[in-house]
Structures are given as structure tokens and as C-alpha cells.
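Keep in mind that what you see is a predicted model, and the values were worked out from it rather than measured.
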Amino acid sequence: QVLLEETGGGLVQAGDSLRLSCAFFGPTFNMYAIGWFRQAPGKEREFVAAINWNGGQSYYADSVKGRFDVSRDNAKNTAFLQMNNLSPEDTAVYHCGAQWEGVPQALYFEHEKYDYWGPGTQVSVSQ
């Protein structure tokens, strides 16, 4: 059994920062890539960022490059998403997912290919 839980969301103003955490409960955290996705009202779930099993490779959507940083601490079974210079367009529920490392890296961008999901944390950015 694997469970994920996101924390760190909140209500901020444009230009502010937030750091989201993704806690992983289960065996072999270092055998999973971690992805971050977001879903805004009326929109499809959207890829944000991902990080491979050992943190050596990371990937970002064009809309967040230069503003967001994804990282992980395998000793603590936790992944992070540092979000800087937030704008109202970033408002969404943010979810982390875990993908078994046997899956090709190209599938990091597809939410349907993740094995486990957390319930999400709300990020709201006012003008």
C-alpha cells in the first residue's frame, strides 16, 4: 500500500511564493518518479513538473520554467515543489503522483500513467 499527501497550499498574492511538500507513505520511495500536476476549475489536469527516482533529472512545463523548482529528499520520503512569483493563472488544486521507475521517462507528462495520487492541496493566487 502506498499513500501520498500534499501540504503547503494556501491563499497568496501575485508575486508571492509557496513551497508544497509531498509525503510518501510506503516502501521503496526511491523506486518512484514524482510528478506534480494541477487542475483549475473548468480545465483539464495539467502537467507542472516531475523528478526522477534520485533527483538527478527534472522536467517542467513551459508555463512554470524559471519560476518553479522540483526536488526530493529520499532520506525523508518527501518531494517538494517550490513555487515563486506566483500569478493568478497558477490557481489550482495541486496533486503529486508517484510513477514506478520501470515506466519510460516520456510518460512522466501523462497523468494517466501514474500509479498513486495524493488528494491535492489548494493554491489560490489573488491579483
**Q.** Asp69 CG to Ser58 OG distance, which is reported to the nearest 0.5 Å
**A.** 8.0 Å

Q: Taking Arg45 for its side chain and Glu112 for its backbone only, find out whether a donor-acceptor pair lies under 3.5 Å.
A: no

Q: Decide yes or no for Gln82 and Ser71: does some side-chain heavy atom of the first lie under 4.5 Å from some side-chain heavy atom of the second?
A: no

**Q.** Distance (rounded to the nearest 0.5 Å) between Arg67 CZ and Tyr60 OH
**A.** 12.0 Å

Q. Shortest non-hydrogen contact from Phe24 to Ala98?
A. CE1-CB, 4.1 Å

Q: Hey, could you give me the OG1/CZ distance between Thr7 and Arg19, rounded to the nearest 0.5 Å?
A: 10.0 Å

Q.
So, taking the atom named OG1 in Thr78 and the one named CZ in Arg72, what distance separates them when rounded to the nearest 0.5 Å?
A. 10.0 Å

Show me the side-chain donor-acceptor pairs of residues 9-17 shorter than 3.5 Å, one per line, residues at least two apart or across chains.
residue, atom, partner, partner atom, Å
Asp16, OD2, Gln13, N, 3.1
Ser17, OG, Asn84, OD1, 3.0

Q. Between Cys96 and Glu5, is a side chain to side chain contact (heavy atoms under 4.5 Å, CB included) present by the stated rule, with each step listed?
A. CA-CA 8 Å; Cys96 64; Glu5 183 177 8; over 6 Å; no

Q) By the rule that ILVMFWY residues connect when side-chain heavy atoms come within less than 4.5 angstrom, directly or transitively, which residues belong alongside Phe25? A) Leu3

Q.
For the backbone of Met31 and the side chain of Glu101, can you confirm whether one donor and one acceptor N or O come within less than 3.5 Å of each other?
A. no

Q: Test the Arg38-Phe47 pair against the cation-pi criterion, namely NZ or CZ under 6.0 angstrom from the six-membered ring centroid and within 45° of the ring axis.
A: no

Q: Treating Ile, Leu, Val, Met, Phe, Trp and Tyr as nodes and any side-chain heavy-atom pair under 4.5 angstrom as an edge, say whether Val123 and Val70 lie in one connected cluster.
A: yes

Q. Does Phe80 belong to the same Ile/Leu/Val/Met/Phe/Trp/Tyr cluster as Val64, with side-chain heavy atoms less than 4.5 Å apart forming each link?
A. no

Q.
Same cluster or not: Trp36 versus Met83, using hydrophobic residues (I, L, V, M, F, W, Y) connected whenever any side-chain heavy atoms lie under 4.5 Å apart?
A. yes

Q | Closest non-hydrogen atom pair between Gln122 and Val93, with its separation | A | OE1-CG2, 3.2 Å

Q) With a 4.5 Å limit on heavy-atom distance, are the side chains of His111 and Trp117 in contact? A) yes

(Q) Rounded to the nearest 0.5 Å, what separates atom OH in Tyr59 from atom CD1 in Ile51? (A) 10.0 Å

Q) For the side chain of Asp115 and the backbone of Trp100, is there at least one donor-acceptor N/O pair under 3.5 Å apart? A) yes

Q.
Can a donor-acceptor pair be found, under 3.5 Å and without considering hydrogens, that links the side chain of Thr91 to the backbone of Glu89?
A. no

Q.
According to a hydrophobic-cluster definition based on side-chain heavy atoms being under 4.5 Å apart (Ile, Leu, Val, Met, Phe, Trp, Tyr only), do Phe37 and Ile34 belong together?
A. no

Q | Check: Asn30 main-chain N/O paired with Asn74 side-chain donor or acceptor under 3.5 Å | A | no

Q | Asn85 side chain to Phe68 backbone, donor-acceptor under 3.5 Å | A | no

**Q.** Passing option when Gln99 is tested against Tyr116, Tyr108, Tyr32 for side-chain contact (heavy atoms from CB on, under 4.5 Å)
**A.** Tyr108

(Q) If I compare all heavy atoms of Tyr94 with all of Leu81, which pair ends up nearest, and what's the gap? (A) CD2-CD2, 4.2 Å

Q: With rounding to the nearest 0.5 Å, note down the distance linking SG in Cys22 to NE2 in His95.
A: 11.5 Å

